[in-house]
Amino acid sequence: MNDKENFYITTTLPYVNAKPHIGFALEIIQADVIARYNRNLGRSVIFNTGTDEHGKKIYEKAVEAGKEPQEYADEYAEKFDALKNALNLTYDHFIRTTDEKHIRAAQKFWNICSENGDIYKKNYKTKYCVGCELEITDSELLDGKCGTHPNREIEHKNEENYFFKFSRYQDKLIELYESNPNFVVPSNRLLEIKNFVESGLQDFSISRLKKKMPWGIEVPGDSDHVMYVWFDALINYISTLDWQDDGKEFNEYWPGVQVAGKDNLRQQSAMWQAMLMSAGLPTSKQVFIHGFITSEGRKMSKSLGNVVDPYQIVENYGADAVRYYLLREMPSHADGDYSEKRMNERYSELANQLGNLVGRVASMSNSYFQGNLDQVHIDFSLKKKQLKDDMTNYDFKKYVDHIFESISDANETIEKTKPFKLVKEDENAAKKVLSELAENIRFIADALLPIIPETAEEILRRYGKLILVGDPLFPKKD
RNA sequence: CGCGGGGUAGAGCAGUCUGGCAGCUCGUUGGGCUCAUAACCCAAAGGUCACCGGUUCAAAUCCGGUCCCCGCAACCA
């Protein structure tokens, strides 16, 4: 990887049928860390997120609320975009699937796939439960009956749909995975998707009858159909770069890295890749898959009342502490848990180890040397290499662990050298110790810039040429 | 026998590929220190490595089986 190359990263687009979820907060924070890290390396970065706004669920929610779907989607898009301030995010693209340019991109994409012979019309059997008055899917069936209405028979209906020739891309997808062992991170997810593709692919439906569900992008040349929301939504990754207009950003930044949850593995690393192949476009550079968050040890659900609201915890602890928690407490490649108790403990950890270190060194430097220390050079190349590896593996937890090793070392050094005593015996020696500590703190703050940007910047501000004393970085909570 | 992941100290995890004293962070307990946000440093306690069996001088690790949890199981965003 060239340090000066352009870098593109995107989250999945959250579906706007509910408020922002802590799980999406995790995803977008991880993407933000990657974006910030790459920017700090000197790369030019595009960081994309946005909202997925079409489909049946949105349509139904809007009707329920007595609103136009667009009006409903507008309100939710705003709620999601507000995460930017709350979590201190640095995305510079926010694509909405109802944006005019995205709609044009989806239709252009459809046309190309169609011209390449990958889209065809087929009769599709739906299962319909009279009790629910809804179509139901195979996974909702229990012993061939609807779970909520087991005494009703399932009706079968025929409907004409457009299909995408997913099956045609089986070999090419396997080739993609085999020639690119880091295509999906972590590696067990690559194995999972490879097994899935090897087990045989079936073409998937990519349209819906407009008279049943009008809230979608019209299929080019067939006004009876709208695109199925998945097909439309995935295209955001390139419509946001103005692919449809042969845009400069697309030409200079695609392909990029995609961050997604484990439930999205299939869509991102197989379906979307096949779609790109069909359209004759380069496949994604890499897909990073994160885990799910449980709350107090249990799956989050409204009925348990344990749903974690990201805005609420940011209000209590601040963006940096929440970022820190999600990045260090969660295993980066697997599921993790959120609990109020752990959040408190992690906050204390920040205050006691990092906050206190910054405070005590600044205080001594000012009392003994009026904040004037010597310039010292320390070789951090080993540590930097370690951190780079962690980031390359998207192992945020290990990355933070490694930084905190340095914080621990610094606190230990103070204990061993006792500059507060040393200054009475040998002023120069004390100055040297403090100068080295200050340089270590600068390194630590620098490494923390992607993780807890606000705090890291404040530390760097205080540890300039003159060391400044300031208020506690993480004030004690009651 | 659908696919994949997981079960290791009170909590969160590493270690398993390649067998060799069971480790890290947090919490708890005891001691030390006073520069600092009752912070920091040192030490200790705490584990049948889910369970059963096998291979081996030696198993958390390899092999066979069982139980439990999670995601996916295709048109569900």
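Since we're looking at a predicted model, the values are computed, not measured. Chain letters run A, B, ... following the sequence lines, proteins first, then strands; residues in each count from 1.
- Taking atom C1' in both B:C40 and B:C35, one finds a spacing of 10 Å when rounded to whole Å.
- For the pair A:Lys56 NZ and B:C76 C1', the interatomic distance rounds to 9 Å; values are reported in whole Å.
- Under 4.0 angstrom from either OP1 or OP2 of B:G5 there lies no side-chain N or O belonging to A:Asn188.
- A:Tyr177 and A:Glu198 are not linked by any side-chain donor-acceptor pair at a separation below 3.5 angstrom, with hydrogens and angles left out of the test.
- Taking 4.5 Å as the limit, some side-chain heavy atom of A:Tyr169 sits within range of a side-chain heavy atom of A:Asp118.
- A:Asp74 pairs in a salt bridge (charged side-chain N to carboxylate O under 4.0 Å, His left out) with only one of the listed residues (A:Arg96, A:Lys79, A:Lys67), which is A:Arg96.
- Here B:G71 sits opposite B:C3 as a Watson-Crick or G-U wobble pair (both hydrogen-bonding atom distances under 3.5 Å).
- Spacing between atom NZ of A:Lys57 and atom C1' of B:C75 amounts to 13 Å, rounded to whole angstrom units.
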Determine, for nucleotides 31-47 of chain B in 5'-to-3' order, which nucleotides have protein heavy atoms under 4.0 Å from the base (write B), from only the sugar-phosphate (write S), or from neither (write -). -B-SBBB-SBSS-----
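- Counting non-hydrogen atoms under 4.0 angstrom, A:Leu201 reaches a base of the nucleic acid.
- Between the CG atom of A:Leu191 and the P atom of B:C72 there is a distance of 18 Å, given to the nearest Å.
- Nucleotide B:G71 holds its C1' atom 13 Å from the NE2 atom of A:His290, rounded to whole Å.
- Between A:Phe80 and A:Phe24, the ring planes lie perpendicular to each other; the angle is over 60°, past the 30° to 60° tilted range.
- Taking atom C1' in both B:C52 and B:C57, one finds a spacing of 24 Å when rounded to whole Å.
- Checked options A:Trp110, A:Trp272, A:Phe204; the residue passing with A:Phe164 is A:Phe204 (criterion: ring pair (Phe, Tyr, Trp, His ring centres under 6.0 Å)).
- Of all nucleotides present, none satisfies the Watson-Crick or G-U wobble test against B:A39 with each distance under 3.5 Å.
- At a threshold of 4.0 angstrom between heavy atoms, the contacts of A:Arg346 are confined to the sugar-phosphate backbone, with no base atom among them.
- Taking atom C1' in both B:C49 and B:G7, the straight-line distance is 10 Å, to the nearest Å.
- In summary, the aromatic rings of A:Tyr324 and A:Tyr317 are positioned with their centroids too far apart to meet the 6.0 Å limit.
- The distance from atom CE of A:Met275 to atom C1' of B:C75 is 13 Å, rounded to the nearest whole Å.
- Side-chain contact, A:Asn161 with A:Tyr228: no donor N or O sits under 3.5 Å from an acceptor N or O.
- No donor-acceptor pair closer than 3.5 Å links the side chain of A:Asp426 to the backbone N or O of A:Leu422.
- Between the side chains of A:Ser284 and A:Gln273, a donor-acceptor pair is found at a separation under 3.5 Å.
- Salt bridge annotation for A:Lys121-A:Asp222: present, with a cationic side-chain nitrogen under 4.0 angstrom from a carboxylate oxygen.
- You'll find that the side chain of A:Lys397 is closest to B:G12, out of B:C72, B:G12, B:A77.
- For the C1' atoms, the distance linking B:U8 with B:U48 amounts to 12 Å, nearest Å.
- Only the P atoms considered, B:C24 is 32 Å distant from B:C69, to the nearest whole Å.
- Comparing A:Ala233 and A:Phe196 by the nucleotide of RNA chain B that holds the closest heavy atom to each, the one mapping nearer the 5' end is A:Phe196.
- When both distances must be under 3.5 Å, the Watson-Crick or G-U wobble mate of B:U56 does not exist.
- Taking atom CG of residue A:Asp263 and atom C1' of nucleotide B:C3, one finds them 16 Å apart after rounding to whole Å.
- One cannot find a donor-acceptor pair under 3.5 Å joining the base of B:G5 and the side-chain atoms of A:Glu192.
- Two residues, A:Gln202 and A:Asn17, neighbour RNA chain B, and the one matched to the more 5' nucleotide by heavy-atom proximity is A:Gln202.
- Atom C1' of B:A58 sits at a distance of 8 Å from the matching atom of B:G19, rounded to the whole Å.
- A:Gly470 comes within 4.0 angstrom of no nucleic acid atom, judged by non-hydrogen atoms across all strands.
- The partner of B:G10, taking Watson-Crick or G-U wobble pairs whose two distances both stay under 3.5 Å, is B:C26.
- Here the separation of B:A74 from B:G27, taken at their P atoms, is 46 Å to the nearest Å.
- The distance between atom CD1 of A:Ile293 and atom P of B:G6, rounded to the nearest whole Å, is 20 Å.
- B:U34 is unpaired under the Watson-Crick or G-U wobble criterion, no partner having all donor-acceptor distances under 3.5 Å.
- Between A:Arg342 and the phosphate of B:C13, there is no side-chain N or O to OP1/OP2 separation shorter than 4.0 Å.
- B:U48 makes up no base pair with any nucleotide shown, lacking Watson-Crick or G-U wobble contacts both under 3.5 Å.
- Atom-to-atom, CE of A:Met330 to C1' of B:G5 comes out at 17 Å; the value is rounded to the nearest Å.
- On the C1' atoms, B:G31 is 45 Å away from B:C67, given to the nearest whole Å.
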